[in-house]
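Worksheet: the structure to be examined is printed underneath.
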Amino acid sequence: MAALQPLFWGSQMPTASELGRSYSPYQFEVKNANSDFFPITISNILSNDGTRLSPFGGPGAEQVNKIVAAELPFQQPSSLAGFAGFRLTPGWYKTDSKAAIAKRFAYQSGVPGVGIGNSFADPMLPPDKVFSHNEIMGDASLGDFWDHGLMINDALWDSWFTSSLAARPRSIGGSAKEDLKSVLKEAFSTDTSSNKAAGIANRRLSPDLQGKPAEAVIDELAKTDEGYKLSAKYLPIAGGFNVNSTSRRAWEAMLMGLKNRKLLYSSNGRPSVLNSNQANFSRFGVASSNKSHVDDYGSIGITNGIPDGDAMAWSDLRTLSDTQIRALADNMVKEVKKRGPFLNMSDFINRRLQSGEMGVKGALQAAIDESSINRTFDELTDMVITPKVGYPNADAAKGSVFTAAPGYLIQSDVLAVLGNILTTRDDTFTIRAYGEVTSREGVVLSRAWCEAVVQRGINYVDPVNSPETAATKVNMKTGALEGTDLSAVNKAFGRRFNIVSFRWLSPEEV
């Protein structure tokens, strides 16, 4: 199931058709109470006319005292999925004219709720398309729909990563800041052989100075606005995971590794540290609670206010049991076998441009759904949508109305934690070799076996090219891939392999 998300920031569409109203079932706005464009009055809220639904009042509204819909991050995300809540609209109109505001509200496909790192299909788009035109408001200028999420995932996940090396607050909630150079000193002036650096939020990034003095690396990355383009060569990943793995034990071990992870949560309005031996996920840098209220369902009700004023659907902390983690590992293997091998991270994250189940959501989201992790929501049959209007992709509109609410675990929640260690290829290989000596008669006189572990590094075989030199580039005029100025040796052999370990084997080990 996919369904339109509660955090799908739909338009007001005051003259919308039935299809248009169904397409935007929820609406969140921040407006001036004295606005003369759509004045906010108590009567307007209480006498909801069906064209502007609100989670806070009106017929069928959820009785929720407060929700967390989005946040302004106070710390650097450690994965591209940390930007999932950012709007994907191409931009706001600078003018405040009524016509511009109406156009802004009516622009549907630019604001699909939680975007980057997710793979929900847009029901207004045919499953095999990334663009379509539907005049749901009877206005030819307001009917363009783009699958911005799919296209942005495609643009980002195989070209960018989040180093977390940036200026940041010196303390949680404090006003003092650490500038970029201070952060870099903390990251690269530590004992890099221990794979620990307090300055790097993603602790799986292991500083490698490439034989240079720490001061030289710090100056290189801090002296120019272009430093972010060079940081990757100093930040190899310790223990990357290949998403093409079909080993259930490997997936389970990787997911179980999330247990005991420390999280920040809000305690009486102040950030506190949650120490837990379970696998916890939060959509935000600071979770709205220290408890997964979804687990309370049955005694309180999914949208009724709990004692602290939240509701389960809108309380974003989710805890996965060992049983759920094992089920997720099992279903990930099934999805890899069904859809793989994935050629790149975009291929892994995005849905397929085709009809059927693979055209509704990506592999990880499908595995989450098949693992019954969100069963609490999906079993509320009166809150599950089966569209009665003519969507081009009706399957994309089916599902719980709570899909992607903060308490409903989605793909980007997992990728926000794991996204920076996932890959679609291996860089470490175990190679075994055998040799023998025979007599003239062909009798084997001696045998030997050996084993080497080799690892692809970032440096080219020929040092004439720097590590950041791309092998190919895109001609922005023609879209064609073109070669770069790599030397002949590097074109033939690429990156250098380093021998990590070598040992002789006994016959019993073969």
Side-chain angles (χ1 to χ4, degrees), residues 71-84 86 116-117 155-241 261-264 271 273 284-286 345 415-423 427 455-460 463 465-470 495-496 498:
E71 71 171 351
L72 294 175
F74 70 91
Q75 61 185 0
Q76 298 83 356
S78 59
S79 165
L80 290 169
F83 297 101
F86 282 38
I116 297 172
L156 291 179
W157 280 91
D158 294 288
S159 301
W160 299 87
F161 82 111
T162 54
S163 71
S164 74
L165 298 178
R168 65 188 180 191
R170 190 173 297 276
S171 61
I172 298 174
S175 58
K177 296 181 180 180
E178 287 185 277
D179 61 22
L180 173 59
K181 194 159 189 176
S182 298
V183 173
L184 292 171
K185 286 180 179 179
E186 197 171 356
F188 291 106
S189 297
T190 55
D191 177 12
T192 57
S193 64
S194 67
N195 291 336
K196 294 181 179 179
I200 302 179
N202 182 356
R203 306 307 289 273
R204 298 290 287 274
L205 296 178
S206 174
D208 183 347
L209 299 176
Q210 297 292 311
K212 300 180 181 178
E215 295 76 11
V217 173
I218 293 168
D219 287 342
E220 180 182 0
L221 300 183
K223 70 181 179 181
T224 171
D225 290 340
E226 298 290 298
Y228 71 92
K229 296 181 179 180
L230 307 174
S231 62
K233 65 182 177 182
Y234 300 115
L235 295 172
I237 298 171
F241 184 82
R261 187 172 62 93
K262 293 181 179 180
L263 285 178
L264 290 177
V273 177
F284 308 118
V286 179
M345 283 300 294
L415 290 174
V417 184
L418 296 173
N420 256 14
I421 69 165
L422 301 181
T423 180
D427 286 309
Q455 191 171 71
R456 181 172 25 226
I458 65 170
N459 294 303
Y460 282 106
N465 294 120
S466 62
E468 60 268 19
T469 304
R495 310 281 175 170
R496 180 182 298 274
N498 303 307

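- Here the closest non-hydrogen pair linking S79 and W157 is OG-CH2, 3.7 Å.
- Checked against side chain to side chain contact (heavy atoms under 4.5 Å, CB included), S78 has the following partners two or more places apart in sequence or in another chain: N202.
- Closest approach of S164 and P77 over heavy atoms only: CB-O, 4.3 Å.
- Scanning both residues, W160 and A155, for their nearest heavy atoms gives CD1-O, 4.0 Å.
- Between L264 and V273 the shortest side-chain heavy-atom distance falls below 4.5 Å.
- Closest approach of A416 to A81, counting heavy atoms only: N-CB, 3.5 Å.
- With sequence neighbours excluded, the residues forming a side chain to side chain donor-acceptor pair (under 3.5 Å) with T162 are N420, listed by chain and number.
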For this session: Apply side chain to side chain contact (heavy atoms under 4.5 Å, CB included) to the pair D427 and I237, showing each step before the final yes or no.
Result: CA-CA 10 Å; D427 286 309; I237 298 171; over 6 Å; no

Return a table of donor-acceptor pairs under 3.5 angstrom between the side chains of residues 209-219 and protein atoms on other chains or two or more places apart.
{"residue": "Q210", "atom": "OE1", "partner": "N459", "partner atom": "ND2", "Å": "2.9"}
{"residue": "Q210", "atom": "NE2", "partner": "D208", "partner atom": "OD2", "Å": "3.3"}
{"residue": "Q210", "atom": "NE2", "partner": "K233", "partner atom": "O", "Å": "3.4"}
{"residue": "K212", "atom": "NZ", "partner": "E220", "partner atom": "OE1", "Å": "3.4"}
{"residue": "K212", "atom": "NZ", "partner": "Y234", "partner atom": "OH", "Å": "2.7"}
{"residue": "D219", "atom": "OD1", "partner": "K181", "partner atom": "NZ", "Å": "3.1"}

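- For D179, the side chain to side chain donor-acceptor pair (under 3.5 Å) partners two or more places apart in sequence, or in a different chain, are S182.
- Residues satisfying the side chain to side chain contact (heavy atoms under 4.5 Å, CB included) test with D158, not counting sequence neighbours, are N344, M345, S346.
- Side-chain atoms of Y460 and R495 include a donor-acceptor pair closer than 3.5 Å.
- Counting heavy atoms from C-beta on, the side chains of L165 and Y228 never come closer than 4.5 Å.
- L221 places none of its side-chain heavy atoms less than 4.5 Å from the side chain of L180.
- The two atoms that bring L422 and L418 nearest to each other are CG-O, 3.3 Å, heavy atoms only.
- With sequence neighbours excluded, the residues forming a ring pair (Phe, Tyr, Trp, His ring centres under 6.0 Å) with F241 are W251, listed by chain and number.
- Closest approach of S231 to F161, counting heavy atoms only: OG-CZ, 4.0 Å.
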